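Heads up: the structure comes next, in structure tokens.
Keep in mind that this is a model prediction, so the values were computed, not measured.
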Amino acid sequence: MGAAIVEVLLSTDNICLFHQIFEHFRVPREVRPGLLFVGTPFMVLMRWSLFFALKGIYDSLRPLMFALGLFCAYQGLVVFYMTCMGLEEEDEDPENSAMVIWFKKIMGDKLITKYQGSAFHVTLDGIGKYTPMFLVLMFIEVTDVAFCIDGVSTIFMVDHVHVWTLFLGDIVAACIVRALYPQLAGTVELFPDLNYSVACVLVMVGADMCCGVFGYDFPPGTLAVSMGVLFTLGMASSILRGTCRNPDEEDEAAKNKDQGAYGAA
């Protein structure tokens, strides 16, 4: 229980990064929880490797976190800028994602730029092709690796004797964090000012990752406490400013708008 609680506190910021990765790749909302579930076996395997097979090489893998930290901080600044300017991402086409464009140049015809439901690989005209969903899964798992390196290093400071207990506690915590994602996504849609909170958390996570490469880690629990405070402030601000949204009403308005456009056509 102690291992699971420590890991949950250390991993709550993962949810914000998962959310931003999904937003960047314009992943359809209905498949996002399932995508996290699909990546669970890889997550378990990676944590098993770090706990039992790779305990002596954490430091050699930590530089991976620097690149991910820069990505976190950049995404946080983008979210903050767009929220301040009152801009909303209305483009749902993944082919306009910078990462999809970059990987398209590398993979060529092997990568298509449209989602095919929840498929990672499809066959078109007898030729196998990857979908953007494959890229999203890859990014999610790279994120898992980086957070796992940081988390395993910290949790071994709590206890390095009962390794199996720590491993099981870590897996429980990782599954809890994945299960919490739909709640975060729904809350952000309901309270718009939470975008500021998400932006601040992403910048803090990015700074922590980059500093950690050079041995300057934030005090344990800092990110978890900061996330709780920032999210509370974001929800309170949305309520006080009267900016809360009703997703059901927005969906109904969008549906009526589409019907009106169809009727006019």
Same cluster (ILVMFWY, side-chain, under 4.5 Å), [X] and [Y]:
X	Y	value
Trp102	Val136	yes
Phe120	Ile127	no
Tyr130	Ile106	yes
Leu190	Val198	yes

Problem set entry | Pairing residues for Tyr196 by the ring-ring contact (aromatic ring centres under 6.0 Å, His included) criterion, not counting sequence neighbours |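 Here the qualifying residues are Phe80.
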
For this session: Could you tell me which residues satisfy ring-ring contact (aromatic ring centres under 6.0 Å, His included) with Phe231, sequence neighbours excluded, listed by chain and number?
Result: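 Partners of Phe231 by the ring-ring contact (aromatic ring centres under 6.0 Å, His included) criterion come out as none, since no residue qualifies.
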
To the nearest 0.5 Å, what is the distance between [atom1] ([X]) and [atom2] ([Y])?
X	Y	atom1	atom2	answer
Ser118	Leu35	OG	CG	9.0 Å
Lys129	His121	NZ	NE2	9.0 Å
Cys200	Leu194	SG	CG	11.0 Å
Ile21	Met138	CD1	CE	10.5 Å
Ser197	Met227	OG	CE	9.0 Å

Remaining members of hydrophobic cluster (4.5 Å side-chain criterion), [X]:
X	answer
Val122	Ile112, Leu124
Ile101	none
Val203	Leu77

What pair of heavy atoms forms the shortest contact from [X] to [Y], and how long is it?
X	Y	result
Arg29	Pro33	O-CD, 3.7 Å
Ala119	Thr131	O-OG1, 2.6 Å
Arg26	Tyr115	O-CE1, 3.3 Å

Would you indicate whether the side-chain heavy atoms of [Y] and [X] approach each other to under 4.5 Å?
X	Y	value
Phe22	Ile140	yes
Leu137	Phe42	no
Leu135	Leu111	yes
Met133	Val31	yes

Exercise. Can you tell which of Phe18, Phe25, Phe134 makes a side chain to side chain contact (heavy atoms under 4.5 Å, CB included) with Phe139?
Worked result: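 For Phe139, the side chain to side chain contact (heavy atoms under 4.5 Å, CB included) check succeeds only for Phe25.
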
Exercise. Can you list every pair that meets side-chain hydrogen bond (donor to acceptor under 3.5 Å, both in side chains) and has a residue in residues 226-238, with sequence neighbours left out?
Worked result: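 For residues 226-238: Asp193-Ser237.
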
